[in-house]
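Comments concern the structure below.
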Amino acid sequence: GYRYYSSRQLYSFYMIRSLREMGLSLAEIKAYLDARSPQGFLALLKEQEKWLQQEIHKYQRMKKLVRNQSRLLAMAAGLDCESVVEQELPAAQFIITQNVRGLREVEKERVVLEHMRYCMDRELNAGYAFGAMIAPVDCWTAQEDCVSFYFTQTDAKTWAAEAERRHLRPAGRYAVTYLRGDYMNTSAAYQRLKDYFSRHGWQPVGYAYEESVLEDMSAPSPEEYITRIILRIQK
């Protein structure tokens, strides 16, 4: 019941196993072997090289997503959610929705879903924070309906390819506070920021950015969510 093979067939077995690992079925490999030729083998290898490049791109993107999500989770450990600190932050690239200020809740939901689909289809999500932008005129009101834009942060390469939907958060000095709890109730966090700005005699400059640190993927209930809220300082 045993079959014996010569040593010169070992390389062929190795290549067949490699082609299987690249996703070819045994039927596809058999079809090639039945009509094998140097030209056919070259065409097969070129096709597999193209497939491998796609797989490398996919896994590199997944690795980046995992790394950035891990950084967010590490940042959440031991955060002080009752104070305001000043930080120098680098520029960040966002893909944003249309302006949703004043839209009904059901319309906002539609816009967010369309945004999520857009980012997924174009592989724009790199594992950074999803969030909302609050216009300066609304910073101190902190009402539920005062969001102007929702955003997905992306990396420079994918951001550069976008045109109509991109927004650059400028580098600079920011006042930073954290909200622990439901991100639909941000009044306490904005009151902290307002008091901090008032003590220094400052006015808000540009948008306030609300960024999810812990949300429903990593926290079992809204009471354990953490949102970072930052507002640019111009002294």
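Note that these values count all heavy atoms, side chains included, but never hydrogens, waters or copies made by symmetry. The structure presented is a predicted model; accordingly, all values stated were derived computationally and were not measured.
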Should [X] and [Y] count as side-chain neighbours, where that means a heavy-atom distance under 4.5 Å?
X	Y	value
His167	Phe149	no
Val112	Met116	yes
Arg20	Leu26	yes
Val205	Pro136	no
Ile96	Arg166	no
Val147	Arg101	no

Stepwise, does the side chain to side chain contact (heavy atoms under 4.5 Å, CB included) test hold for Leu72 with Leu214?
CA-CA 8 Å; Leu72 282 177; Leu214 295 184; over 6 Å; no
Determine whether more than 12 heavy atoms belonging to other residues, nucleotides or ligands lie under 6.0 Å from atom [atom1] of [X].
X	atom1	value
Glu88	CD	yes
Glu55	CD	yes
Gln54	CD	yes
Arg17	CZ	no

With rounding to the nearest 0.5 Å, note down the distance linking [atom1] in [X] to [atom2] in [Y].
X	Y	atom1	atom2	value
Arg61	Asn125	CZ	CG	8.0 Å
Asp216	Glu224	CG	CD	12.5 Å
Gln93	Leu124	CD	CG	12.0 Å
Glu109	Leu113	CD	CG	5.0 Å
Met22	Glu49	CE	CD	10.0 Å
Thr154	Arg122	OG1	CZ	12.5 Å

So, are [X] and [Y] salt-bridged, with charged N and O less than 4.0 Å apart?
X	Y	result
Arg199	Asp195	no
Arg165	Glu114	yes
Arg110	Glu107	no

Is it possible for you to say whether [X] and [Y] belong to one hydrophobic cluster, with membership spreading through side-chain heavy-atom contacts below 4.5 Å?
X	Y	value
Tyr32	Ile16	yes
Leu73	Met62	no
Ile230	Val137	no
Leu45	Leu52	yes

Check: [Y] main-chain N/O paired with [X] side-chain donor or acceptor under 3.5 Å:
X	Y	value
Ser212	Glu215	no
Ser18	Tyr14	yes
Arg36	Leu33	yes
Ser198	Lys194	no
Asn68	Tyr128	no
Asp138	Ile134	no

With Tyr183, the ring-ring contact (aromatic ring centres under 6.0 Å, His included) member among Tyr178, Phe130, Tyr225:
Tyr225
Just checking, Arg232 and Tyr207: is the charged tip under 6.0 Å from the six-membered ring centre and within 45° of the axis?
no
Of all the heavy-atom pairs spanning [X] and [Y], show the shortest one and how long it is.
X	Y	answer
Ala208	Tyr190	CB-OH, 3.7 Å
Arg180	Cys81	NH2-SG, 3.9 Å
Leu179	Asn185	CD2-O, 3.7 Å
Pro90	Arg169	O-NH2, 3.1 Å
Lys108	Leu103	CE-O, 3.6 Å
Ala76	Val213	CB-CG1, 3.7 Å

For a side chain to side chain contact (heavy atoms under 4.5 Å, CB included) check, start with the C-alpha distance between Tyr196 and Glu86, then their side-chain angles and the critical distance, and finish with the verdict.
CA-CA 10 Å; Tyr196 191 86; Glu86 297 180 32; 2.6 Å; yes
Test of understanding: with side chain to side chain donor-acceptor pair (under 3.5 Å), list the residues that count as partners of [X], not counting sequence neighbours.
X	result
Thr97	none
Glu223	Ser221
Arg228	Glu211

Can you list the residues that meet the salt bridge (Lys or Arg N to Asp or Glu O under 4.0 Å) rule with Glu28, with sequence neighbours excluded?
none
List for me each residue that meets side chain to side chain contact (heavy atoms under 4.5 Å, CB included) alongside Ala175, sequence neighbours excluded, and say none if there are none.
Val84, Leu193, Phe197, Ile233
Could you pull out all residues at least two apart from Asp80 that satisfy side chain to side chain contact (heavy atoms under 4.5 Å, CB included)?
Glu82, Ser83
Given Thr177 and Arg192, is the side-chain hydrogen bond (donor to acceptor under 3.5 Å, both in side chains) satisfied, shown in steps?
CA-CA 8 Å; Thr177 192; Arg192 281 197 299 274; 3.1 Å; yes
Evaluate the side chain to side chain contact (heavy atoms under 4.5 Å, CB included) criterion for residues Cys119 and Ile95: first the C-alpha distance (whole Å), next the side-chain angles of each, then the deciding distance (0.1 Å), finally the verdict.
CA-CA 8 Å; Cys119 290; Ile95 304 299; 4.2 Å; yes
Would you please test Asp34 and Lys30 for salt bridge (charged side-chain N to carboxylate O under 4.0 Å, His left out) and show each step?
CA-CA 6 Å; Asp34 288 344; Lys30 183 179 184 305; 2.9 Å; yes
Ring centres under 6.0 Å, that's the criterion: do Tyr209 and Phe94 meet it?
yes
Hey, mind stepping through His115 and Gln98 against side-chain hydrogen bond (donor to acceptor under 3.5 Å, both in side chains) and telling me if it holds?
CA-CA 9 Å; His115 171 79; Gln98 68 184 72; over 6 Å; no
Could you go step by step and tell me if Gln234 and Trp202 meet the side chain to side chain contact (heavy atoms under 4.5 Å, CB included) rule?
CA-CA 7 Å; Gln234 187 174 22; Trp202 300 336; over 6 Å; no
